[in-house]
Structures are given as C-alpha cells and as structure tokens.
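Some notes on the structure that comes next.
By convention here, the first residue in the shown sequence is residue 1.
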Amino acid sequence: MRVGLATSLALLLSGVSGGALAAPTADPPRPMPSGAELPVTLGERISISTDAGVSGDAWNGVRVVSPAFVSDGTLRMNDRVLTAVVTVSCTAAPGSYEVRFGSPVGDENVSKIDRLWGSVRVAPAEAAEREACERRVAELPPVSQEEHWPEDSGWPATPWDVRSVRPGERMTASDGFAMASDGEVTLSSPAFTRSVVMHGAKLVSAVVQIRCDAQPGLYVVRWNEQGKSAKIWARYRVVDTAAPGCQDPVVTPRASAVRWSAPWLLGGAAALSAAGAVGYAYLRRRKASR
C-alpha cells in the first residue's frame with residue numbers, strides 16, 4: 001500500500017514539474033483532402049498538401065484562401081511536398097465555404113491562379129464558444145514560415161529555405177536570379193567564420209563555413225551589394241555540436257590590404273628614424289656646449 005502511494009505521489013509530482021517547465025503544444029493540423037467538404041470547428045487548424053511539380057497552379061508561395069480562415073495560408077516546400085496551414089476564424093458564420101488556390105502575393109498580375117481545392121463546413125456556435133475560440137487562437141503559436149527543399153536543389157531556393165548544418169561544416173550559397181555582378185556582393189552572418197564575396201558570370205556563388213563554436217539556432221544571411229541597402233537573403237539552422245578537433249580557418253589579411261598598408265608602414269618607419277636622428281644630434285650639441 002505504502003509503495004503504491006509513494007509511486008503515485010512521485011508520478012504526480014513529476015507530472016506537475018514537467019507541466020510547469022514544458023511549453024504547451026498545439027494539436028497538429030487536420031489534413032484536408034482535395035475535393036472534400038471538411039467539417040471544421042471554430043479556431044481549428046487544418047493543412048492542405050499537394051505534391052510539388054504535379055500541378056501548374058500549385059507551387060511554393062501560392063496562397064490558400066477562404067472567407068472561413070483567419071488569414072490566407074501559403075504553400076511552402078517540405079521535401080517535394082507543398083503544405084499550407086490555416087486557422088478557421090472564430091467569427092465565421094455557420095455554413096459551407098470554398099477553399100481555393102490564389103496567386104502569390106505580388107504576383108497576381110503575372111500569373112492568375114484561381115483553383116478550387118475543396119470546401120469547409122463551419123458548425124453553429126454560441127457566443128460563449130466564440131469567445132473561448134478567440135482566447136485559444138490568441139495562444140496558438142504562429143505558423144512556421146520555414147521551407148525544407150530537397151538536398152539536390154541549390155541553397156537558398158528562397159529566403160526561407162532553411163537547411164541544417166553542423167558547426168565547422170561548409171555550404172555553397174548561390175544565386176542566379178538577382179543579376180548581381182561578379183565580386184559585387186558580400187554575404188555575412190553571425191555564425192560564418194568570415195564574410196565571403198560571391199563570384200561568377202551568370203550565377204554568382206560562394207562557399208561559407210560555420211564557426212566551430214556556433215550555437216544551435218536559426219541564423220540569417222545578409223546580402224550586401226555595392227550601392228544598395230543590405231537585405232536578409234537566406235536562413236539556415238545550426239544543429240548539434242562541432243565534430244571533435246574542429247578548427248576554424250585562420251583568417252589572413254587580403255593582399256590589397258597589405259599593399260595599401262605597406263607604404264604607410266614604410267613612411268611611418270622613415271619618419272620615426274628621421275625624428276630619432278634629429279633628437280640624437282640635438283643631444284650631442286647640448287653636451288658639446290657644456
């Protein structure tokens with residue numbers, strides 16, 4: 001009996017402790033199949049997924065829209081599958097609502113997309129249920145913007161193409177869309193061992209290396225182009241710790257910096273020598289006059 005009580009008490013205490021330290025997690029979104037009418041509740045999160053490259057009106061960045069949603073969703077790449085996550089509005093009236101694909105934001109005039117995916121049916125709800133829904137939705141974590149592109153695609157495919165890398169490892173960063181010229185763009189990031197200059201004719205690229213002491217987390221890469229404002233160009237995630245024996249490369253001064261500093265150093269040395277000679281002659285004259 002005592003053993004049973006002690007065990008129950010220990011489990012209860014551990015559950016309380018764990019609950020106090022652990023952050024609450026939201027339920028996973030409910031999948032919505034194509035062509036279906038899905039019954040939903042207020043504040044519920046649902047996901048829409050389709051294989052990448054199968055349809056001409058479904059690609060990364062395409063919006064998922066419906067009057068029943070709090071806001072539009074966005075199809076994002078997740079290893080060759082495009083997925084959008086949306087939340088049912090707490091103010092949606094009972095009834096059936098279409099769910100459609102729409103053109104990406106800023107691309108409405110370039111390629112018009114208006115594809116029916118399916119519909120959701122919102123159940124009736126009382127005022128108290130809607131108030132409780134508002135509180136639940138306010139506590140939901142934001143929908144992740146991260147994308148996970150296949151390893152065989154160049155990085156970054158988009159600014160949210162988050163690849164995982166260990167401290168000490170290298171990645172090739174490339175861009176063939178910005179039309180930047182050879183040597184005019186420098187990439188910088190807090191976890192890089194150093195800033196790098198991108199080179200190339202039609203496609204500019206550079207090899208970046210992660211510092212051995214970089215801490216796990218999400219990092220941004222800034223695109224610094226001559227004559228333009230810096231911008232966030234890419235993201236990556238540092239995972240795990242560095243391999244044993246990891247060493248950062250020794251940063252040597254650029255040849256141009258050495259060339260520019262050499263005349264200054266020589267001039268400074270000559271000036272010091274001249275000053276020393278004048279001082280020595282002055283002291284000799286003072287001694288001779290005594």
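- Glu134 places a side-chain heavy atom less than 4.5 Å from the side chain of Thr91.
- Counting heavy atoms from C-beta on, the side chains of Trp117 and Ser66 never come closer than 4.5 Å.
- Taking each heavy atom of Ser89 and Leu42 in turn, the nearest pair found is O-CD2, 3.2 Å.
- Among all heavy-atom pairs drawn from Ala84 and Val64, the shortest one is CB-CG2, 3.7 Å.
- Judged purely by distance below 3.5 Å, without hydrogens or angles, the side chains of Asn224 and Ser188 pair a donor atom with an acceptor atom.
- Judged purely by atom type and a 3.5 angstrom limit, Arg100 has no side-chain atom pairing as donor or acceptor with the backbone of Ile113.
- Donor-acceptor pairing under 3.5 Å is lacking for the side chains of Thr87 and Glu44.
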**Prompt:** Does the pair Asp152 and Arg80 meet the rule for a salt bridge (Lys or Arg N to Asp or Glu O under 4.0 Å), with working shown?
**Reply:** CA-CA 11 Å; Asp152 57 1; Arg80 306 187 192 279; 2.9 Å; yes

**Asked** Given the rule in the side chain to side chain contact (heavy atoms under 4.5 Å, CB included) test, do Val105 and Arg63 qualify, once you have shown the distances and angles that lead to the verdict?
**Response** CA-CA 8 Å; Val105 175; Arg63 293 176 301 125; 3.5 Å; yes

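- At a threshold of 4.5 Å between non-hydrogen side-chain atoms, the residues Leu82 and Asn60 count as touching.
- No side-chain heavy atom of Thr41 sits under 4.5 Å from any side-chain heavy atom of Val88.
- The main-chain N or O of Val204 is never found under 3.5 Å from a side-chain atom of Asp175 such that the two would form a donor-acceptor pair.
- Put simply, the side chain of Trp223 does not reach to within 4.5 Å of the side chain of Thr186, judged on heavy atoms.
- A side-chain donor from one of Ser49 and Thr83 sits under 3.5 Å from a side-chain acceptor of the other.
- None of Met32, Arg30, Arg45, Arg121 except one satisfies the side-chain contact (heavy atoms from CB on, under 4.5 Å) rule with Val40; the exception is Arg30.
- Counting heavy atoms from C-beta outward, Glu147 and Asn78 have side chains that stay 4.5 Å or more apart.
- The two residues Arg130 and Ala92 make their nearest non-hydrogen contact at NH1-O, 3.0 Å.
- Using cut-offs of 30° and 60° on the angle between ring planes, the pair Tyr236 and Tyr219 is parallel.
- Between Trp149 and Arg163 there is a side-chain heavy-atom pair separated by less than 4.5 Å.
- Put simply, the side chain of Leu187 reaches to within 4.5 Å of the side chain of Val185, judged on heavy atoms.
- Using modelled atom types and a 3.5 Å distance limit, the side chains of Ser55 and Arg115 yield a donor-acceptor pair.
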